[in-house]
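For reference, positions follow the sequence shown, starting with 1.
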Amino acid sequence: MKNIHINYVEFKAKDLQKVKAFYSGVFGWTFTDYGPDYTAFSESGLEGGFEKTENDIVNGALIVLYHQDLEAIQQKVEQAGGTIAKNIFSFPGGRRFHFKDPSGNELAIWSDK
């Protein structure tokens with residue numbers, strides 16, 4: 001994987017079973033569940049996932065970049081005027097953090113290291 005390339009996209013969903021049925025039926029995407037609140041998709045051209053939410057979905061897509069050194073890239077984000085929305089946390093398969101760019105767009109950066 002290359003650093004700072006778009007690597008993954010996440011969407012929000014109220015009902016994971018319905019969203020899986022829709023995208024598999026219409027587009028042929030395949031899914032892998034990671035617990036009751038998350039499902040990853042493939043066969044779409046870009047890998048991604050759906051996170052279950054009870055909240056209203058306003059901007060449902062989260063663009064996820066990859067970087068092998070989260071601490072170093074987080075420091076660069078902050079120095080360039082980005083703000084940290086979620087500090088580095090672990091999840092199955094790696095770690096990541098979320099940030100907002102100067103316009104308020106939220107993105108994430110993950111690492112498997």
Result for side chain to side chain contact (heavy atoms under 4.5 Å, CB included) between Lys52 and one of Thr39, Val19, Leu16 points to Leu16
From the options Val77, Asn7, Asn3, select the one residue that forms a side chain to side chain contact (heavy atoms under 4.5 Å, CB included) with His67.
Asn3
Check whether [X] and [Y] end up in the same hydrophobic cluster, where Ile, Leu, Val, Met, Phe, Trp and Tyr are linked by side-chain heavy atoms less than 4.5 Å apart.
| X | Y | result |
| --- | --- | --- |
| Phe89 | Phe97 | no |
| Val9 | Val26 | yes |
| Ile6 | Tyr66 | no |
| Phe99 | Val64 | no |

[X] atom [atom1], neighbour heavy-atom count above 12 within 6.0 Å:
| X | atom1 | result |
| --- | --- | --- |
| Lys20 | NZ | yes |
| Ile57 | CD1 | yes |
| Leu46 | CG | yes |

Compare every heavy atom of [Y] with every heavy atom of [X], then report the nearest pair and how far apart it is.
| X | Y | result |
| --- | --- | --- |
| Glu10 | Arg96 | OE2-NH1, 2.7 Å |
| Gln68 | Ser111 | O-OG, 3.3 Å |
| Ala40 | Tyr34 | CB-CE1, 3.7 Å |
| Ile109 | Leu70 | O-CD2, 3.5 Å |

Can you tell me which residue pairs pass the side-chain hydrogen bond (donor to acceptor under 3.5 Å, both in side chains) test with a partner in residues 71-87, sequence neighbours excluded?
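Every side-chain hydrogen bond (donor to acceptor under 3.5 Å, both in side chains) pair that includes a residue of residues 71-87, provided the two are not neighbours, is Glu71-Arg95.
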Starting at CG of Leu65, measure out to CD1 of Ile4 and round the result to the nearest 0.5 Å.
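That separation rounds to 8.0 Å.
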I need the Lys12 NZ to Glu51 CD distance, nearest 0.5 Å.
3.5 Å
If a pair satisfies ring-ring contact (aromatic ring centres under 6.0 Å, His included) and one of its residues is in residues 1-20, list it, with sequence neighbours excluded.
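Found Phe11-Phe50.
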Could you list the residues that satisfy ring pair (Phe, Tyr, Trp, His ring centres under 6.0 Å) with Trp29, not counting sequence neighbours?
Tyr23, Phe27, Phe41
For the side chain of Ser42 and the backbone of Glu47, is there at least one donor-acceptor N/O pair under 3.5 Å apart?
no
Starting from the C-alpha separation in whole Å, work towards a yes-or-no answer on side-chain contact (heavy atoms from CB on, under 4.5 Å) for Asp56 and Lys14.
CA-CA 9 Å; Asp56 289 337; Lys14 299 271 187 186; 4.1 Å; yes
